[in-house]
There are 2 protein chains.
Amino acid sequence: MSGAVWTSRLLSDSRRQIDKFHFVGDVFGLESGDEYLCSAEAIEDTVVAIYPRHIFESVSPADAVLSGQLVTALGHSLSRAREHMLLLGCKTAIEKIAAFLLSLADRLKNTVLTRPMTRLDIADHLGLTIETVSRSFTHLEREGLIETGTGRRSISLRDMRGLRQLDA
Amino acid sequence: MSGAVWTSRLLSDSRRQIDKFHFVGDVFGLESGDEYLCSAEAIEDTVVAIYPRHIFESVSPADAVLSGQLVTALGHSLSRAREHMLLLGCKTAIEKIAAFLLSLADRLKNTVLTRPMTRLDIADHLGLTIETVSRSFTHLEREGLIETGTGRRSISLRDMRGLRQLDA
DNA sequence: CGCATCATTGAGCTCGCTCAACCGTCGTGG
DNA sequence: CCACGACGGTTGAGCGAGCTCAATGATGCG
């Protein structure tokens, strides 16, 4: 309903993969099995609406609409996951950063991003290290493609075309 | 129904990410948007059953069961995708190969794998190169964890515990 | 037998990682 | 109000896992 959350998966030695950042309106936490495999953490003051799982398991005709919405939500999650696998498996560091910024701008409907997430969060989302993320931002800024505000609190995308060109 | 298929996504310069290998009984090709973003290709003689999309879009009460199956299938695809993102984002080459072999053995319910896919397919699935895949197999064989048959047509998993230990 | 395809192996390189120092901002307590 | 410490971010130097390029080997098919 407001705020921001990430969901992640952990490896035994604490390597972390952040699946997705969730903002207002996003649905998350849909798991199929008996146990939850994902962790979730709020990265700023956040309010979420929680629905008990049995709601989704009902098959009564009256819930046909809800069921359809569930299918839609799952479908979106899935295509986003596929997109992200393409990013993780194929793209270079700069391409990953550019793609990340573009997708964020697209989802927030704004070319000025105020990022609640840290460099470490971004790194774990993109399969990079914190230093590589930082260096990539610096590089993009030097090229004039983005502009970081004071305190690195916000990022303005200055050249969408350039960013799209960077993203393969 | 029989055979083997992979689904993949392509980048403009023909870098490829193979999402998943599909075998008998697997459901694939569920896309949410108006256009298909995935390619699919059979890697051996294959027979598939095709269902027109509108079947999944019906919300009539009679289709409640089908709808439930759809949700289940989507849920499985999603959790598999999440698992694969963890692999792509966090794991090393050897860990990727070990995880891949284990998951294949698990899905085929057999520790002897006859692989229809090529080294290039595996590489594009795991975000590696063909040479790294080859070297990893050689390494695992030297360590006695696997055994490759003549012509590299099959791979026997000799030490499941060792492989699981390699996979983080 | 000859060619095509796929796999292996080696040598060298590079992108991104590791390790380490430093900087800026903010919040807290003297 | 300032000093200081904590935290997150930046930058540099060097390293190494995995990539590139190239040669060689195995298998199978016409």
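Remember, predicted model here, so these are calculated numbers, not experimental data. The sequence lines fix the lettering, A, B, ..., with proteins before strands; numbering per chain opens at 1.
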*Taking side-chain contact (heavy atoms from CB on, under 4.5 Å) as the test, write out the residues that go with T132(B), two or more places apart.*
A93(B), L128(B), T129(B), S136(B)

*Hey, does F137(B) have a side-chain heavy atom less than 4.5 Å from the side chain of R119(B)?*
yes

*Between C1' of dT11(D) and CD1 of I130(A), the distance in whole Å*: 13 Å

_Set of side-chain hydrogen bond (donor to acceptor under 3.5 Å, both in side chains) partners for S8(A), sequence neighbours left out_ = none

*Rounded to the Å, how far apart are R119(A) CZ and dT25(C) P?*
14 Å

*asked:* Please report the distance, rounded to the nearest Å, between CD in E95(B) and C1' in dG18(D).
replied: 14 Å

*Inspect the surroundings of CG in D45(A) and state if more than 12 heavy atoms from other residues, nucleotides or ligands are less than 6.0 Å away.*
no

*Do R15(B) and T92(A) have side chains that get closer than 4.5 Å, going by heavy atoms?*
yes

*Check whether any side-chain N or O of S134(A) sits under 4.0 Å from OP1 or OP2 of dT11(D), and answer yes or no.*
no

*Output all residues satisfying side-chain hydrogen bond (donor to acceptor under 3.5 Å, both in side chains) with D124(A), sequence neighbours left out; order by chain, then residue number.*
R16(A)

_Show every salt bridge (charged side-chain N to carboxylate O under 4.0 Å, His left out) that has at least one partner inside residues 68-94 of chain A, sequence neighbours left out._
E83(A)-R9(B), K91(A)-D167(A)

_Rounded distance in Å - CD (E141(A)) to C1' (dT10(D))_ = 12 Å

*So how far off straight is the helix from dC1(C)-dG30(D) to dG30(C)-dC1(D), going by the axes through five pairs at either end, to 10°?*
30°

*Separation of atom CZ in F137(B) from atom C1' in dG25(D), rounded to whole Å*: 18 Å

*Qualifying residue, where the test is side chain to side chain donor-acceptor pair (under 3.5 Å) with R158(A) and the options are E141(A), E147(A), E143(A)*: E147(A)

*asked:* For a quick check, with a 4.0 angstrom heavy-atom cut-off, what is the B/S/- contact string for nucleotides 10-19 of chain C, read 5' to 3'?
replied: BB----SSBB

